[in-house]
Enquirer: 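After the structure tokens below, expect a handful of questions from me.
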Amino acid sequence: MGETKLKLTEIDPVWSRICEEAETAVQDEPLLGGLVHSSILHHRSLASALAYRISLKLASAEMSEQLLRELSDEAFAAEPDLVDAARADLVAVFERDAACHRLMQPILYFKGFQAVQAYRVGHWLWRQGRKDLAYFFQMRVSEMFGIDIHPAARIGRGIMIDHAHSIVVGETAVVGDNVSMLHSVTLGGTGKEDHDRHPKIGNGVLIGAGAKVLGNIQIGHCSRIAAGSVVLADVPPMKTVAGVPARIVGEAGCSQPAITMDQLLRDNFQ
Ligand SMILES: CC(C)(COP(=O)(O)OP(=O)(O)OC[C@H]1O[C@@H](n2cnc3c(N)ncnc32)[C@H](O)[C@@H]1OP(=O)(O)O)[C@@H](O)C(=O)NCCC(=O)NCCS
């Protein structure tokens with residue numbers, strides 16, 4: 001039976017490529033050998049590596065690395081979709097972040113990616129009704145990375161949060177697929193609404209650094225929000241808005257990052 005089993009690296013081209021990058025990195029910088037081995041080369045799958053990285057980052061005197069790892073392993077085993085989303089996030093960061101030259105970089109070094117993966121486990125806990133544990137994940141992600149995402153918020157796949165200081169995503173916010181945001185973005189409430197009070201961000205939206213998107217408003221697919229804007233009203237699809245309060249300043253061509261990612265998987269990972 002062992003002979004017929006495929007190694008996970010043979011059926012996950014993204015993970016396979018990450019392992020190749022890691023081997024080269026250890027050769028180039030032996031001082032990083034311990035980190036790269038324990039975080040990547042020691043693992044047979046992306047899921048295992050993510051669970052290890054999340055637990056290492058979030059562990060504290062309040063909850064051990066072992067317990068956090070068991071919870072993350074449980075989440076990934078119960079819902080493989082979480083790992084597929086992580087894979088899409090990885091490729092999105094690699095594709096869109098000019099400073100990302102290898103797929104292993106977000107796993108090892110990018111707190112935006114790490115925080116989103118920890119949020120995904122917290123969101124899974126939330127949906128299981130384990131709300132206090134989910135709040136614990138939110139608190140530790142916020143303490144560790146400076147990124148405060150409520151575990152009830154719904155976030156799609158192919159997400160890039162670049163630089164990632166000071167991100168706030170409220171409880172009833174919804175973020176579509178292939179969204180990119182820079183640091184200091186708030187998806188918050190106005191303070192004037194109860195219950196469903198946070199923004200709904202469409203697919204393929206770019207949210208510039210420092211933008212505040214407030215209230216239960218819709219940001220249309222493939223729109224762009226300029227850095228520093230305060231958005232208080234719906235934005236139609238494929239527009240660029242800027243200013244305080246934000247106004248439409250132009251069209252926004254959609255680069256369809258999801259399609260680019262598909263191309264990447266077909267062209268470069270087989
Ligand atoms: C909005 C953005 C995407 C540019 O889009 P664009 O379609 O090329 O827009 P333009 O540069 O042609 O500007 C259109 C108008 O909006 C204004 N504008 C652009 N960005 C603005 C901003 N952040 N705040 C206020 N006005 C802005 C321009 O001055 C211009 O006004 P005008 O027509 O009166 O001259 C870009 O300005 C932006 O904010 N990107 C986010 C980048 C970011 O967050 N970087 C951080 C990296 S760490």
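Indexing begins at 1, ligand by ligand and atom by atom, following the structure's order.
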Enquirer: Are any of the side-chain heavy atoms of Val205 and Val235 separated by less than 4.5 Å?
Expert: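 The answer is no; the side chains never approach within 4.5 Å.
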
Enquirer: Looking at side-chain heavy atoms only, is the closest gap between Asp97 and Met160 below 4.5 Å?
Expert: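 A side-chain contact under 4.5 Å exists here.
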
Enquirer: Quick check, are the ring centers of His43 and Trp15 under 6.0 angstrom apart?
Expert: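 No: the rings miss the under 6.0 Å criterion.
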
Enquirer: May I ask you to test the Tyr119-His150 pair for a side-chain heavy-atom distance under 4.5 Å?
Expert: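 Of all side-chain heavy-atom pairs linking His150 with Tyr119, none is under 4.5 Å.
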
Enquirer: One pair to check against salt bridge (charged side-chain N to carboxylate O under 4.0 Å, His left out): Arg17 and Glu20. What are the steps and the verdict?
Expert: CA-CA 5 Å; Arg17 174 153 163 182; Glu20 284 168 22; over 6 Å; no

Enquirer: Which protein residues have a heavy atom closer than 4.0 Å to any atom of ligand 1, listed by chain and number?
Expert: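 Ligand 1 pocket, heavy atoms under 4.0 Å: His163, Leu182, His183, Gly208, Ala209, Arg224, Ala226, Ala227, Thr240, Ala242, Gly243, Val249.
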
Enquirer: Among His198, Arg197, His195, find the residue that satisfies the side chain to side chain donor-acceptor pair (under 3.5 Å) test when tested with Glu171.
Expert: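 When side chain to side chain donor-acceptor pair (under 3.5 Å) is applied between Glu171 and each of His198, Arg197, His195, only Arg197 qualifies.
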
